[in-house]
> 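Have a look at the structure that comes next, please.
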Protein chains: 2
Amino acid sequence: MAEQHLDDFEGVKAAMPDDEMLYDLAELYKIFGDTTRIKLLYILFEGEMCVQHMAELLGVSQSAVSHQLRILKGARLVRYRREGKTVYYSLADDHVRQIIECGTEHINE
Amino acid sequence: MAEQHLDDFEGVKAAMPDDEMLYDLAELYKIFGDTTRIKLLYILFEGEMCVQHMAELLGVSQSAVSHQLRILKGARLVRYRREGKTVYYSLADDHVRQIIECGTEHINE
DNA sequence: TGAACATATGAACAGTTATTCATACGTTTA
DNA sequence: TAAACGTATGAATAACTGTTCATATGTTCA
């Protein structure tokens, strides 16, 4: 009885973003695909915090936190400012919050 | 001159979702963190399609597509219906579109 | 300048993941 | 029932990822 299914390959291809964009998108989501990074972002939802404190709060090593912050920084998801020996990290913008909320909605149903 | 930074660990902890939720969230994003799966989802934005055709369209093996669809199915992101030998996949709901759009916004800036 | 502290980073390792190959399962039709 | 076709799946492999450890970099203060 068949509902209508796609057979117009060209149409589908035309609607699909270019490879570079798809790659970037996957890379972005990869970043959210790790609990340590998600937790770091949740911390930063509340405000800025230094590396040491984030490590303590999450119960992971300073090195691990620093490595993950590097990735978040690379994706422009977080900012940092130095104050003496200490570096304080904060969210780069409100997009992060939106993305996380988007995913949360899917979970809660 | 130091802006206000977080030092109330308890407050931050209270605002953080429980570990199970954070785990689920990361698992969800992991799924979007792969170009093959993202491409499959983009195909399904246009309508339903059978496994064979998706494989051809993306230029990957039938097996690879099937493996990835299994993951998408497991996360309830796609549905399927069987029609004879053929299985047609489609999006489970509109959340997927929202999540992808959310990420896309961050990319384009 | 040297010691102490906070952070960053490279290398190594263990765990995870996507693809491929071979094959099993399910359905149709001759 | 047997053959043909579409799909699913287990095992194996190569590539990738997160953490740890050791150490470098950068900053402050005595």
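Keep in mind that what you see is a predicted model, and the values were worked out from it rather than measured. Just so it is clear, the values below take in all heavy atoms, side chains as well, and ignore hydrogens, waters and symmetry mates.
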> Between L69(A) (CG) and dT7(C) (C1'), how many Å, whole number?
10 Å
> Does dA18(C) have OP1 or OP2 under 4.0 Å away from a side-chain N or O of R37(B)?
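Indeed, a polar side-chain atom of R37(B) lies that close.
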> Should the pair F45(B) and Y42(B) be assigned to parallel (<30°), tilted (30 to 60°) or perpendicular (>60°) ring geometry?
perpendicular
> So, the side chain of T104(A) versus the backbone of I100(A): is there a donor-acceptor pair under 3.5 Å, distance only?
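Yes; judged by distance alone, with no hydrogens or angles, the pair exists.
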> Has the side chain of R81(A) got a donor or acceptor atom that lies under 3.5 Å from a matching backbone atom of E83(A)?
no
> Among L72(B), L69(B), V65(B), I43(B), exactly one meets side chain to side chain contact (heavy atoms under 4.5 Å, CB included) together with Y89(B). Which residue is that?
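Result for side chain to side chain contact (heavy atoms under 4.5 Å, CB included) with Y89(B): L69(B).
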> Could you tell me whether the side chain of Q62(A) has a donor or acceptor atom within less than 3.5 Å of a complementary atom in the base of dA8(C)?
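Indeed, a donor on one side and an acceptor on the other fall under 3.5 Å apart.
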> Only one of Q68(B), K73(B), E48(B) passes side chain to side chain contact (heavy atoms under 4.5 Å, CB included) with V78(B); say which it is.
K73(B)
> Which listed nucleotide (dT7(C), dT9(D), dG10(C)) is nearest to the side chain of R70(B)?
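Nearest nucleotide to the side chain: dT9(D).
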> What is the distance, rounded to the nearest whole Å, between atom OH of Y29(A) and atom P of dC16(D)?
23 Å
> Sugar-phosphate means primed atoms, P, OP1 and OP2; the rest is base. With that split, encode nucleotides 24-30 of chain D 5' to 3' as B, S or - using protein heavy atoms under 4.0 Å.
--BBS--
> If you go through the side-chain atoms of S63(A), does one of them form a donor-acceptor pair with the base of dC21(D) closer than 3.5 Å?
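Indeed, a donor on one side and an acceptor on the other fall under 3.5 Å apart.
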> Is a side-chain N or O of R37(A) found less than 3.5 angstrom from the main chain of I31(A), in a donor-acceptor match?
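Yes; judged by distance alone, with no hydrogens or angles, the pair exists.
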> If you only use heavy atoms from C-beta on, which nucleotide in dG18(D), dT19(C), dT7(C) is closest to the side chain of D34(A)?
dG18(D)
> Rounded to whole Å, how long is the line connecting atom OH of Y88(A) with atom C1' of dT7(C)?
13 Å
> Rounded off to whole Å, could you give me the CE-to-P distance for the M49(B) and dT7(D) pair?
12 Å
> Determine yes or no for a side-chain-to-main-chain donor-acceptor pair under 3.5 angstrom, with R79(B) supplying the side chain and S90(B) the backbone.
no
> On the 0 to 90° scale, with breaks at 30° and 60°, tag the Y29(A)-F32(B) ring pair as parallel, tilted or perpendicular.
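Tilted, since the angle between the ring planes falls between 30° and 60°.
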> What is the distance, to the nearest angstrom, from the CD atom on E48(B) to the P atom on dT7(D)?
12 Å
> dC5(C), OP1 or OP2 - any side-chain N/O from T86(A) closer than 4.0 Å?
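Looking at the OP1 and OP2 atoms of dC5(C), neither is under 4.0 Å from any side-chain N or O of T86(A).
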> Taking only the side-chain heavy atoms of A64(A) (C-beta and beyond), determine which of dT7(D), dT9(C), dT19(D) contains the nearest atom.
dT19(D)
> Is the shortest side-chain N/O distance from Y89(B) to OP1 or OP2 of dA8(D) below 4.0 Å?
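Checking dA8(D) against Y89(B), a side-chain N or O does come within under 4.0 Å of OP1 or OP2.
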> Which nucleotide in the set dT7(D), dA8(C), dG18(D) lies at the smallest distance from any side-chain heavy atom of K73(A)?
dA8(C)
> Between atom NZ in K30(A) and atom C1' in dA15(D), what is the gap in whole Å?
11 Å
> Given dT20(C), is OP1 or OP2 found less than 4.0 Å from the side-chain N or O atoms of S61(B)?
yes
> dT7(D) P sits how many Å from H5(A) NE2, rounded?
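These atoms are roughly 10 Å apart.
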> Could you work out which one of dT7(C), dA18(C), dG6(D) sits closest to the side chain of Q68(B)?
dA18(C)
> In whole angstrom, give the distance that lies between atom NE2 of H53(B) and atom P of dG6(D).
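Those two atoms, NE2 and P, are 9 Å apart.
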> With centres under 5.5 Å and planes under 30°, do H67(B) and dT19(C) count as stacked?
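Given the distance and angle limits, no, they do not stack.
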